[in-house]
There are 2 protein chains.
Amino acid sequence: MSFQAPRGMRDFYPEDMAFRTRLFDVWTATARAHGFAQYDAPIVEHLDLLTRKAGEEIIEQIYAFQDKSGRKLALRPEVTPSLVRLVAARRSRIVMPAKWFTIAQCFRYERMSKGRKREHFQWNLDIIGSDSIIADLEVLATAADALRTLGLTPQDANIHVGNRNLVGEMLHAIGVPDQQQLDVLMVLDKRGKVSDEVLVEMLTEAGVAAHVSPQIMKIFDVRDLEDAAALVPADSPAIRELRTLFDLADRAGVGPFLRFDIAVVRGLAYYTGIVFEAFDTRRRFRAILGGGRYDRLFESLGEPPLPAVGFGFGDVVIKEVLDKTGVDQSPGKDVDVCVGVFDHAHWPEALAVAGALRADGLHVDLALGAVGPNKLFKYADRRNASRVVFVAPEELKSDCVVLRDMTTGSQAAVPIPDITAAIRKQPPD
Amino acid sequence: MSFQAPRGMRDFYPEDMAFRTRLFDVWTATARAHGFAQYDAPIVEHLDLLTRKAGEEIIEQIYAFQDKSGRKLALRPEVTPSLVRLVAARRSRIVMPAKWFTIAQCFRYERMSKGRKREHFQWNLDIIGSDSIIADLEVLATAADALRTLGLTPQDANIHVGNRNLVGEMLHAIGVPDQQQLDVLMVLDKRGKVSDEVLVEMLTEAGVAAHVSPQIMKIFDVRDLEDAAALVPADSPAIRELRTLFDLADRAGVGPFLRFDIAVVRGLAYYTGIVFEAFDTRRRFRAILGGGRYDRLFESLGEPPLPAVGFGFGDVVIKEVLDKTGVDQSPGKDVDVCVGVFDHAHWPEALAVAGALRADGLHVDLALGAVGPNKLFKYADRRNASRVVFVAPEELKSDCVVLRDMTTGSQAAVPIPDITAAIRKQPPD
C-alpha cells in the first residue's frame, strides 16, 4: 500500500497534533473572551456559491467535482461565502451585529512551491452588521490578543493596517479615474511579490497612463500617517478613521501590535475600507493573518447590503513564525500515570486502580504489552509518563501497589485506597 | 443566492455548535483520561486506499473525484484505512501498542431516507499492536465512560457485546464450512433490518443448505453466556474470552453498561473477535457506536500483521438518544458581560473596561450598535448576558461605570478600577 497522503495534504501524527490542539485552543479561547460565538459550515459547498465572488486565481485553484446526481460541488477554498450564505438565510432572526468565528479547513489546488500545502486550517472571525470603527478595532484586538497568547510580542510580529479608501483618495488626487481604482489596488497588492518594474508594466496593462505610474509608485514612500495626511485633503475621512482606530487601539491595550502601512491593500476585490495583514517583524514569512472591512460583499452576492469586517488566520505560517522566534512550544504530557502488572493475573487490581486515578482527573495509560517490572518501566519511559503504578504479588498481599517516580527512580509501596492521595500529594508535572 | 447547504451536509449555527462542542469535549477528555493520543488524517485520501478493504456498499457511497493531475481522490467514508496507512508508514518508530484517537468528519453518498446525512463526525479510538483482552476491555471502558459523562446511565443505553469466534464455533458445530462463515456473518448482521424470511433467503443465496438455515436462525435464541456455552465445546476459547471480559469490566467499573448479545456480529468483513454496538435500551434508534477487534486488517492491506481493536462513535445518533432521554443539554452562556456606552464618545473607557474583564477570564461582548441605555439593555437581554457594564457621562465624572445585574435588574455605580472585583464577587452564572 502507499504510505503517502495525497499530495499537499497533511497527516497529523500525535506529535503534530500537539501544536494544532494548542493553536485551536488559543483561537477558541480568544474568540470567546471577545464575545464571539462559534459556527461551522460544510467543507463541501455548491461550486456556484464559491465562484460567484471569488477572484480568477481562486477559481482556478478550486477542487471541484460532481456528485452522483450531477450537482456541481467543491471543497471550499475559503469560508466567507458560506458565512454570507448562513447569515443571509436567517438574517431576520440573528441578533445583529453577529460576532461569529469558525476554524475551517480550506482547500486550494496550488503549485507546490515554497512548501505551500493544498489544505490549511483557518480561524475566521467576523462581525456582520456593524459599520462602526469599533467593530474594526474589536476584530484587530482579537487578532492581537491571539498573537500575544501564542507567545509573540510586538517585537516579534505586527499587524500592518492600511485603508483602501486612503489609497483611493491618493489615487483620486493624482487623477486615476474611480473606475480604474480597483484594478490598480489589485496590482499594488502584488508589490514585494514581483519587481517594481513588473509592477509598472502591470499598471500599464491596467490602463494607467505612463506618466501616472511613477506617481502611483511614490505612494509607497509614505511612512506614517502624517506623511499620508499631507497627500490628501485636510478633511480626509480615511485619515480620520485611521487616527480614531489607532487612538482606540491604545485604550484597548493592543496599540503596540499595530502599525500603519500604506502598502497593505489586500488582494481580494471585496474589501472596502480598513485592511490589515500581520507579519513577523523581520519579514521572513508570508502573512500570518489578513482581513479587513467588506461592506459590499452581501450586495455583490445579490443580498440586501450588510456591513462586515473580519479576518482569516491560518495554521501554517504562524507555526513557521513561532518555530523561528523560539517561542516555547513543548507540548503537555499525553500520559500522567502508567499502570502495569507483574503478570496477567493482576489485571483486576490494575483496572480498579486505573479507574480511580481517571476519576481523579489523571491521564492514565494501561501498559498492555509491557508485563513485568523491566518492560513496564522501559515502556513508561518511552510514553514519557512521570509515574508508574505497578501491581505486584508481594505488595498485593498487604493490599498495596508499587508507586514509582520515573524522574527520581524512587519507589514505595502504597495501600490501594491511598493511591490517588499519594499521587495528588506530589502531582505529576 | 441559494441559502441551502449541499444536500445532506449540515450547517452549524452557533446554537447548533453548542452541542457539538460539548460532545467533542467529552470525547477528547475521555480519550485522554484513558491515555489515548490524538491524530488526524486528510479528509481527502487516495481512492485506492479507501476501496481496497471496504465492502461493496461503502464503495458505492464514496464521493470520488479527480484532481487536476488526474489523481483519483475521494472524501473519506471512514478513517480506519488512513489510520492503517499512518501506522504502517512509521511502524518501527511508534511506541506499541499505539493508543490513538481522532474526531474525523466522514462522507457517504447515501439515500436521504430516515434523516440520514451524507456527512457526520466520528470519534475513532483504537489500540494498535496488542492482542490482549485488556485492550478490548480498555476500548469498551472508554466508550462506556463517554456515555456516562454525556449523562447516560445503564438504564438509558447499553453496549451489546458479541464475539465472531463464538458464532463461528456455533456455525462450525452445525456443519457450516469455515469458508462460508464470513458470508453467513454478513447476512446475520442484517437481522432486524430485514424480516427473518428475507434473512433465510439471503442465507440460501449465500450457499447455506435449506435444512441448516433454521439451525442458524436458532442461534439468536441464545440469551446469555450460559445458553451460549451449552452450544459449543466446554473448552471454547470464545466463551473463555467473553467471561474474562465481563469479569474485568466489573473491576474497571463499566460492567453495568455491558451486556452479552449473540446477535451483534457487525457488518464489516475485517472483524475477527470481540465485536460490539451500543444502543439506547428502548431500541428506538440506530447504533450509537460500534467496533471490535480486527487483527487481520493490516495483512489484508498487504502489511505485516498487527492486532488491533477500536470503535467509531458518531455525532448524529447520540444527539437523538440524548434528546429523547431528556438529558439536560442546555449550553453554557456565550457572553458573561456586555459592555456598552451612552454615546460614541465613551468608547475609550468602555474598551479599557472590556480589556480588564477579558484579562480576568470573562467572555465580554462590546455592544457595538446598541448605544444608549435602552438599546443596550435590550441587546444584552437578547445576547443572554447576565451583567451589563454601562459607560455613562454622569458616573464617569467620578470615574465610575454602571454595573447592572440583568437577572434582578439592580444596578450600581462602581469605580472603574473595582469593576473586575465587583463582578468576581457575584460571578455571572
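All chains are named by letter (A, B, ...) in the order of the sequence lines, taking the proteins before the strands, and each is independently numbered beginning at 1. All figures in this text were calculated on a predicted structure; none of them were measured in a lab.
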Most heavy-atom pairs under 4.5 angstrom with chain A, which of B:S82, B:A37, B:A31? B:A37
With chain A as the partner, which of B:H46, B:R20, B:H344 has the greatest number of non-hydrogen pairs under 4.5 Å? B:H46
Looking only at A:P6, A:A89, A:A5, most heavy-atom pairs under 4.5 Å shared with chain B are made by A:P6
Salt bridge between A:R251 and A:D247, side-chain N to carboxylate O under 4.0 Å? no
Tell me, side chain or backbone of A:A352 under 4.5 Å from chain B's heavy atoms, or both, or neither? both
Do you know which of B:T28, B:D131, B:L248 has the most heavy-atom pairs under 4.5 Å to chain A? B:L248
Part of A:W347 within contact of chain B (heavy atom distance under 4.5 Å): both
Is chain B contacted by the side chain of A:R32, its backbone, both, or neither, given a heavy-atom distance below 4.5 Å? both
Of the backbone (N, CA, C, O) and the side chain (C-beta and beyond), which part of A:L73 lies under 4.5 Å from a heavy atom of chain B, both, or neither? side chain
Salt bridge between B:D67 and A:R7, side-chain N to carboxylate O under 4.0 Å? no
Please identify, among B:L75, B:I43, B:I134, the residue contributing the most non-hydrogen atom pairs under 4.5 Å to chain A. B:I134
Heavy-atom distances under 4.5 Å only: say whether B:I127 touches chain A with side chain, backbone, both or neither. side chain
Please classify the contact of A:E349 with chain B as side chain, backbone, both or neither, using a heavy-atom distance under 4.5 Å. both
Relative to chain B, which segment of A:S69 carries a heavy atom at a distance below 4.5 Å: side chain, backbone, both, or neither? both
Among B:Q38, B:R382, B:R71, who wins on heavy-atom pairs under 4.5 Å with chain A? B:Q38
Residue that, paired with B:F121, satisfies ring-ring contact (aromatic ring centres under 6.0 Å, His included) out of B:F107, B:F19, B:F24: B:F24
Any donor-acceptor pair under 3.5 Å from A:R383 side chain to A:V337 backbone: no
Please state whether the side chain, the backbone, both or neither of A:R91 comes within less than 4.5 Å of a heavy atom of chain B. neither
Heavy-atom cut-off 4.5 Å, strictly under: side chain, backbone, both or neither for A:E119 against chain B? neither
Side-chain heavy atoms of B:R148 within contact of B:T30, under 4.5 Å: no
Salt bridge present between B:D145 and A:R358 (N-O < 4.0 angstrom): no
Side chain, backbone, both or neither: which part of A:L137 has an atom under 4.5 Å from a heavy atom of chain B? side chain
Using a strict threshold of under 4.0 Å (side-chain N to carboxylate O), is an ion pair present between A:R90 and B:D11? no
Contact between A:V254 and A:L140 at the side-chain level, heavy atoms closer than 4.5 Å - yes or no? no
When the aromatic ring centroids of A:F65 and B:F65 are compared, is their separation below 6.0 Å? yes
B:Y379, B:Y39, B:Y63, B:Y13: which one forms the most heavy-atom pairs within less than 4.5 Å of chain A? B:Y13
Check this for me: A:Q66, atom CD, are more than 12 non-hydrogen atoms of other residues, nucleotides or ligands nearer than 6.0 Å? yes
Can you tell which of A:S130, A:P348, A:G355 has the highest number of heavy-atom pairs within less than 4.5 Å of chain B? A:P348
Can a salt bridge be assigned to the pair A:R22 and A:D25 using a cut-off of 4.0 Å between side-chain N and carboxylate O? no
